Amino acid sequence: MSSQLEALNRWVDEVARLTQPDRIVWCDGSDAEARQLNDLMVARGDLIPLNANTHPNCFLHRSSKSDVARVEHLTLVCTPEREDAGPNNHWMAPAEAHAKMDALFAGCMKGRTMYVIPYCMGPIDSPISRCGVEITDSPYVVANMRIMTRMGSAALARIEREGAQGKPFVKGLHSIGELDPERRFIMHFPEELTIKSFGSGYGGNALLGKKCHALRIASYQARREGWLAEHMLIVGIENPKGETKYVAAAFPSACGKTNLAMLIPPEGYRKAGWKVWTVGDDICWMTPGADGRLWAINPEAGFFGVAPGTSQKTNPNALAMLGHDTIFTNVAVTADNNPWWEGLPDGTPVKDWQGRDYQPGNGPAAHPNSRFTVAAKQCASFSPHAEDAKGVPISAIVFGGRRESLVPLVFQARDWTHGVLIGAAMASETTAAATGAVGVVRRDPMAMKPFCGYNYGDYFAHWLSFDQPGAKLPQVFHVNWFRKGSDGKFLWPGFGDNLRVLEWILKRVEGSTAAHDTAIGHLPHAADLDVAGLGLDPHHVSELLHVDAEGWKREIGEIGAYLDSYGERAPAALHRERERIAEALKD
Ligand code: OXD
Ligand code: MN
């Protein structure tokens, strides 16, 4: 046995001594194993089979009602020095955090089965991929990890192989505990490549490959090793000449990343031959290639998407992929036992997400953060290059937020440093993907506020460090689909029509269109955005492309105060860039 497998076995023994499960199961990822687990969960009531005629092999899981979202106030980064976690993270000293967690884990698996899940984040043969092992007492977590990662024997073989090369795996320990919000913590030990999560079964807290490993731990590793682990979708845009360019885009949670990743071109574009290819909808790992470009993989194998709002109109690709082999969490059901959520034009809920008879007075039928878990391969637009071991080359990076006012539909950074400032200054109105108030504007640099595993000041410096001689970095853009007019209505139709903005972005990447140079960056000339046929009021188009100098002076001032909150660690180059823009706004 290799020393890596010995280390893994020792850790499993140690965890078993602490948690005292009745049984230990090593997951091999086989179909037989999945069937057995499903039968068990159905027998226990953890999964409810849905209508087998319309939704073959689909199941509903109802969570505990106080366990429906990520819990940022209970999510900690435990570095030896508090400053290394930064003001962007909750922090605890590692020894104290281990003691606290081990006390929670002591004996917590009595009467339960402990599952050992070896997994690989990214294509099993990609040098960019990384492996981990999650230990959990939740069969629901196993079933979801099976969809979201490459899980089982192949991952274990890679872990063993990499051990021989001295490459470690990430250790994640999870228990649902008693699902008591008072006894819930998600702790990260980046220097030990370790995660300990207790008391929640919710995806972002419990599927440790996702936010915990692929973002918080990976971002820390990426800084040490010279790559980027980002909260970004990856999409390929194929033009009528058959050329595909890849765009990575960061938006805060529940701002339409899944919809953008699976966009269906408007009819005129479709007829002209435009196609959109989905590589990923949530996480992007990018690494500089020998050619100087950034090459990206989606470390995930599935989508854990927000159900409400998903419809034939907003995301037909997603709706179609949810017709079979899908786990739904906290959606409502109809009388004929089909899944239902707000935003579906047909069907009537009879049971709400808690399993109660549906009554409008009780609030939405489906929880606003109800989810589907589905294999990426089920998506009709899944890119034929999504599993390429070398990844896909990124031509443009797009940042975006949900901003009712001020921020134009699209603008382009002058250069990489300006692009990093735009990412660092991102802000958005909060959504239901995390507990807490919804609709409050908060700064969410690169959409990584809940996910950056170290001090944001160091993170910005890491981003800046990619600007090396010979680097062919992507162009950087900012979009805002959510600007509202004085009548309180959205000015931009969004969804498929977002391709009109992506087309302009790609033209800028090619250098085939001019732009309007402003203090905040390059904006489209109204005539260069293909909005004919949208029926937009020309006044609304100019509002969408308007730079309100007074409003931006205030914004730039707030960005300065925000950068100051990172003290010495905020790179001087970002301060200088901000001052340059502040000066330009005076003209
Ligand atoms: C997610 C999130 O689930 O960002 O992707 O919360
Ligand atoms: Mn996300």
Side-chain angles (χ1 to χ4, degrees), residues 61 63 67-75 88-89 121 140-141 144-145 147-149 186 188 197 200-219 228-235 248-262 278-285 296 298-310 315 318 326-331 341 366-374 376 379 398-402 423 426-438 442-453:
H61 172 76
S63 79
D67 186 29
V68 292
R70 288 183 290 100
V71 281
E72 292 174 14
H73 60 297
L74 303 173
T75 300
N88 46 305
N89 280 303
M121 298 311 293
Y140 168 80
V141 165
N144 278 270
M145 285 291 282
I147 297 174
M148 296 304 295
T149 72
I186 297 93
H188 302 75
S197 166
S200 168
Y202 172 73
N205 302 327
L207 310 179
L208 300 185
K210 192 175 179 63
K211 304 298 190 183
C212 301
H213 176 164
L215 288 175
R216 296 193 193 96
I217 299 287
S219 60
L228 289 163
E230 299 301 323
H231 190 205
M232 292 178 174
L233 65 93
I234 311 168
V235 70
F251 296 83
S253 307
C255 280
K257 286 217 305 290
T258 305
N259 293 342
L260 188 61
M262 295 172 195
T278 311
V279 179
D281 80 330
D282 195 41
I283 302 179
C284 166
W285 285 357
N298 169 15
E300 300 191 282
F303 306 118
F304 179 67
V306 179
T310 306
N315 194 338
T326 303
I327 300 173
F328 294 92
T329 301
N330 291 341
V331 299
W341 49 82
H367 188 275
N369 193 35
S370 54
R371 299 275 175 153
F372 52 76
T373 319
V374 64
C379 181
V398 177
F399 295 120
R402 183 182 280 273
M426 262 173 72
S428 194
E429 290 137 22
T430 50
T431 69
T435 52
V438 169
R442 74 164 181 182
R443 298 258 158 230
D444 190 353
M446 279 84 168
M448 284 287 277
K449 168 75 184 70
F451 308 120
C452 181

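Below, all heavy atoms of this structure are taken into account, side chains as well, without hydrogens, waters or symmetry copies. Numbers here simply count residues along the sequence, with the first being 1. Just follow the structure's listing: the first ligand is 1, and inside any ligand the first atom is 1. Treat the numbers as computed from the prediction; the structure is a model and nothing was measured.
- Distance alone, capped at 3.5 Å, is enough to place a donor-acceptor pair between the N330 side chain and the S63 backbone.
- Within the listing of ligand 1, atoms 4 (O) sit less than 4.0 angstrom from a heavy atom of F451.
- Residue D282 approaches ligand 1 through these ligand atoms, each under 4.0 Å from one of its heavy atoms: 5 (O).
- Under 4.0 angstrom from ligand 1, there are no non-hydrogen atoms of F251.
- Heavy-atom distances between K257 and ligand 1 stay at or above 4.0 Å for every pair.
- In this structure, the side chain of N315 does not engage the main chain of T310 through any donor-acceptor pair within 3.5 Å.
- A perpendicular orientation is assigned to the rings of H231 and F451, their planes being inclined by more than 60° (bins at 30° and 60°).
- Looking at every heavy atom in both residues, N369 comes nearest to V68 through ND2-O, 3.0 Å.
- When NZ of K211 and OD1 of D282 are joined through the Mn ion (ligand 2), the resulting angle is 100° to the nearest 10°.
- Annotation: R371 places an N or O atom under 3.5 Å from an N or O atom of ligand 1; distance criterion only.
- Near S253, meaning under 4.0 Å from one of its heavy atoms, ligand 1 places the atoms 2 (C), 4 (O), 6 (O).
- Between T278 and M262 the shortest side-chain heavy-atom distance falls below 4.5 Å.
- S200 places no side-chain N or O within 3.5 Å of a backbone atom of D67 that could act as its donor or acceptor partner.
- Those atoms of ligand 1 with a heavy atom of H231 less than 4.0 angstrom away are 4 (O).
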